[in-house]
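A quick note: this is a predicted structure, and the numbers were derived from the prediction, not measured.
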Amino acid sequence: MLPGRGRDGRVTRRARILGTRTAWTPMGDGEFFCPGCGGDRNYQRLTGQRRFTVFGVPVVPRGETGPVVECAACRRHFGTDVLDHPTTVRFSAMLRDAVHTVALAVLSAGGACARAALEAAAGAVRAAGFADCTEEQLAALVEALATDTGRSYGAGLAIELHEALDPLAPHLAPVGRESILLQGARIALADGPYTPSEREALATVGAALTICADDVTRLLAAARTPS
């Protein structure tokens, strides 16, 4: 570094003789959940070209770096794996769809769609974000599913459960995964004890949420106990 003098007359070092500098090139953009800001922000995906510098002037290429994700708000750089985390809006939609799918699966497994079960299911679905959901809508969907598949609960609904829950599970804390299972359990119990088909559906829910079988059994028993 080159010496200089500060305001107090002391010798200081002002310019670095050798160093590196990275020139970033945008490769794409979008919206993501920024860990630094704690919310949804716009981002740019960048790749960089590193160069040695002499007196701050780039002279010799040193190779590529990145790619990285740069937040448009805080300007911090993150690894591209940060894009695997859903935005707040996307996460809310995933959670809403998951609860709706679980409710339909449990109602279909119950077969008769008793009014108490429909009311419990509609309440859970509305709380998850489908504000206009009604008992009649759920009953019509269950009837349509039964007509289409020829049975109350089968492989088709099991696949739909996995499609809705598998992408969501990694982003939920254990208490969040258990909450979804318990919502399904309370729908099943609204019109009486679990039926074998309801237990099968709830076991599929637990597996899709990566809840072990022992914990599924524990939670289903806990749901029977009034809080």
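With rounding to the nearest 0.5 Å, the separation of CZ in Arg218 from CG in Leu181 is 9.5 Å. The distance from atom OH of Tyr43 to atom CD of Glu70, rounded to the nearest 0.5 Å, is 12.5 Å. In this structure, CG in Leu202 is found 9.0 Å from OG1 in Thr195, a value given to the nearest 0.5 Å. Atom CG in Leu209 sits 9.5 Å away from atom NE2 in His162 (nearest 0.5 Å). Atoms CG and OG1, on Leu165 and Thr210 in that order, are 10.0 Å from each other to the nearest 0.5 Å. Here the CG-CZ distance, from Asp215 to Arg177, works out to 10.0 Å after rounding to the nearest 0.5 Å.
Residues Val69 and Gly79 share a closest heavy-atom pair of CG2-O, 4.2 Å. When all heavy atoms are compared, the tightest approach of Ala122 to Cys133 is CA-SG, 4.4 Å.
Heavy atoms of other residues, nucleotides or ligands lying less than 6.0 angstrom from CD of Glu143 number 12 at most.
Follow the hydrophobic side-chain contacts under 4.5 Å out from Leu118 and you reach Leu104 in the same cluster.
Classified by interplanar angle (parallel below 30°, tilted 30° to 60°, perpendicular above 60°), the ring pair Phe33/His85 is parallel.
Every residue two or more places apart in sequence or in another chain that forms a side-chain hydrogen bond (donor to acceptor under 3.5 Å, both in side chains) with Arg115 is listed here: Glu136.
Residues Leu95 and Ile180 form a side-chain contact, since some pair of their non-hydrogen atoms from C-beta on lies under 4.5 Å apart. For the pair Val99/Gln183, a side-chain contact is recorded, criterion being any heavy-atom separation below 4.5 Å from C-beta on.
Taking the six-membered ring for Trp and the full ring otherwise, the centers of His100 and Phe130 sit less than 6.0 Å from each other.
Arg45 places no side-chain N or O within 3.5 Å of a backbone atom of Met27 that could act as its donor or acceptor partner.
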